[in-house]
Amino acid sequence: MKTGLTALKGTKDILPAEARLWQKAEALCREIFEAYGYREIRTPIIEPTELFIKGTGETTDIVTKEMYTFTDKGGRSITLRPEYTPSVVRAIIEHRLYLQPSPLRFYYFGPMFRHDRPQRGRYRQFHQVDVEVFGESDPALDAEILEMADYLLDRLEIKNRELLINSVGCPVCRPSYLAFLRQEAEKLKSQLCQDCQRRLELNPLRLFDCKEPTCQGITQSLPKITDHLCPDCQRHFDGLRRWLDFYRLSYRVEPRLVRGLDYYTRTTFEIISPDLGAQNALLGGGRYDHLMKLYGGPDICGIGFAMGLERVLSVAKISGDEEKTIYFAYLGERAKEYCLQLCRELRRLGLSSIIEYKERSLKEQLGRANKLGISWTIILGEEELTQGVVQLKEMASGEQKAVPLDQIIRVLKILERGQKKLADIDWQNRVNR
RNA sequence: GUGAGUGUAGCUCAACGGUUAGAGCACCGGACUGUGGAUCCGGUGGUUGGGGGUUCGAGUCCCCUCACUCACCCCA
């Protein structure tokens, strides 16, 4: 049916079958982050526009052309967050969370919004899981975060991936490097493509990102930031590499890796997958040692990454949890009443149970149970009621047994836990307590 | 914002410019009265994305438009 009402460009519905996978991935993230000492934080989806202009960067593409910004009824400029880090930093300053023992570790799940042209792995509403750590400058932490990301991707069953790292320096070394880079690039300007000539003015680091073969050839010879770090940044970068070796994480130093946000300092990284298409980053992040101060907070360093869930799920080999649902097939009004009561009890025990109200033949009821992917069907009619049993049918095997009414809950619990198959359960010789 | 490709049933796809646009899957019903999945038979379902044009005749050719996809750009 075409109504003309469809999801907006670059957005999509996550239907129940796929939502199962999302739940699984989110549960894994949660489990791992909690184990590494991270705690969940939730902040609003809308923020004051200035938050991103100031943090993400006035000249970045995200801010200049990709934000969903509107004026609310009070005349304030509001933006649907295009990334997460500024929100956490704002919340930490607002609630003085930095007064708690550091390092502070947070994680977050949620939708982000960027008005891009959609393509494979890129949506206008997309979902990220973010982790951020504040108050620890030791490069061992940078390595720990990457070690955690590595473990997480293992658990998500994403085999094909590569870790890229770089250092983008700091306010001490970056300006002089950029000046030097610009000076060197100017000499070759006439050979560069149109885009690169523009990049040279706006953000010369981006020259390294160009895909034009001739530009790539030229940028090979341009000075690399990793050769021009100040002693502190050099020590930090060496430390990161040493700790990555300690964890036996393989990585590639990629001087071309430039993060597109203004606040990054020192460590930047990306984990990419060749299975993804042109938008190949599974996660990306880095250090932002001066962002907190920029927002008027204390001078506390930070580091974090964002992982794109749509991209992760498009290559993850995990499957959703098995459906374990009980279906009631009944014949007659008395049986219906009994089933309704039992269904209510099972639901309160957390056992997923379905009962239907329309009167159907047993054949129809079993047929529906089959289509619904039901695990076990309880069959109850006049015969069973007089005998004090229900027929319990295991749908996958077709195995069916008469179970005494006072035993059915116990039997279903065992089945639901997956400990035994119906054929292996013996309720005649149960131990009385 | 730029470029290219694709739009036919809920899904996957057929149909040389020529009858009333078909098939498989799915859905509904029957064969089958308290036992599902298989098989067989039947049925519902389409403004061929939308609009205009060429033609005796358009799903098919042309133009416009919209949507989707991929890529550039940028990034998770």
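Quick caveat: nothing in here was measured; it's all calculated off a predicted structure. Every chain is numbered from 1 and lettered A, B, ... according to where its sequence line falls, protein lines coming before strand lines. Note that these values count all heavy atoms, side chains included, but never hydrogens, waters or copies made by symmetry.
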Please work out which of the three classes, parallel, tilted or perpendicular, describes the rings of [Y] and [X], given edges at 30° and 60°.
X	Y	value
A:Tyr36	A:Tyr151	tilted
A:Phe180	A:His228	tilted
A:Phe109	A:Tyr107	perpendicular
A:Tyr68	A:Phe113	perpendicular

Between the base of [N] and the side chain of [X], is there a donor and acceptor pair under 3.5 angstrom?
X	N	value
A:Glu384	B:G34	yes
A:Arg114	B:C74	no
A:Arg117	B:U2	yes
A:Arg122	B:C70	no
A:Gln400	B:U35	yes

Suppose you measure atom [atom1] in [N] against the same atom in [M]; what distance do you get, rounded to whole Å?
N	M	atom1	result
B:C13	B:C70	P	15 Å
B:G10	B:C27	C1'	9 Å
B:A15	B:C73	C1'	40 Å
B:G3	B:G59	P	30 Å
B:U12	B:C68	P	16 Å
B:A26	B:C32	C1'	22 Å
B:U48	B:G22	C1'	12 Å
B:U6	B:A23	P	27 Å

Subject >> Full working for side chain to side chain donor-acceptor pair (under 3.5 Å) between A:Thr79 and A:Thr69 >> reply: CA-CA 4 Å; A:Thr79 293; A:Thr69 297; 2.8 Å; yes
Phosphate OP1/OP2 of [N] contacted by [X] side-chain N/O (<4.0 Å):
X	N	result
A:Lys401	B:U35	no
A:Lys363	B:G36	yes
A:Gln279	B:A76	no

Shortest side-chain distance from [X], nucleotide among [options]:
X	options	answer
A:Glu66	B:G36, B:C74, B:G29	B:C74
A:Leu362	B:A71, B:G34, B:A76	B:G34
A:Ile379	B:C72, B:C68, B:U35	B:U35
A:Leu366	B:G3, B:G36, B:C74	B:G36
A:Lys371	B:C74, B:C28, B:A76	B:C28
A:Asp116	B:C28, B:C74, B:G34	B:C74
A:Gln119	B:C73, B:G34, B:C74	B:C73
A:Arg311	B:C74, B:U35, B:A76	B:A76

Original post:
If each of A:Ala281 and A:Glu383 is mapped to the nucleotide of RNA chain B with the nearest heavy atom, which maps nearer the 5' terminus, i.e. the 5' end?
Top reply: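 Upstream on the strand: A:Glu383.
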Subject >> Contact nearer the 5' end of RNA chain B, comparing A:Gly277 with A:Met307 >> reply: A:Gly277
Need the pair for [N]. Rule: Watson-Crick or G-U wobble, both distances under 3.5 Å, any strand; none if unpaired.
N	result
B:A15	none
B:U54	none
B:U20	none
B:G45	none
B:U8	none
B:U2	B:A71
B:U60	none
B:A31	B:U39

**OP:** Quick one: pull up CD1 in A:Ile46 and CD1 in A:Ile78 and give me the separation to the nearest 0.5 Å.
**Re:** 5.5 Å
From [atom1] of [X] over to [atom2] of [N], roughly how many Å is that when rounded to an integer?
X	N	atom1	atom2	value
A:Lys65	B:C72	NZ	P	14 Å
A:Arg360	B:G36	CZ	P	16 Å
A:Ile374	B:G36	CD1	C1'	11 Å
A:Arg368	B:C27	CZ	P	11 Å
A:Lys393	B:U35	NZ	P	10 Å

**OP:** For atom CD of A:Gln419, decide whether the heavy atoms of other residues, nucleotides or ligands shown that lie under 6.0 angstrom number more than 12.
**Re:** yes
Subject >> cation_pi(A:Lys12, A:Tyr123) dist<6.0 Å, angle<=45 >> reply: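 Ring-cation test returns yes.
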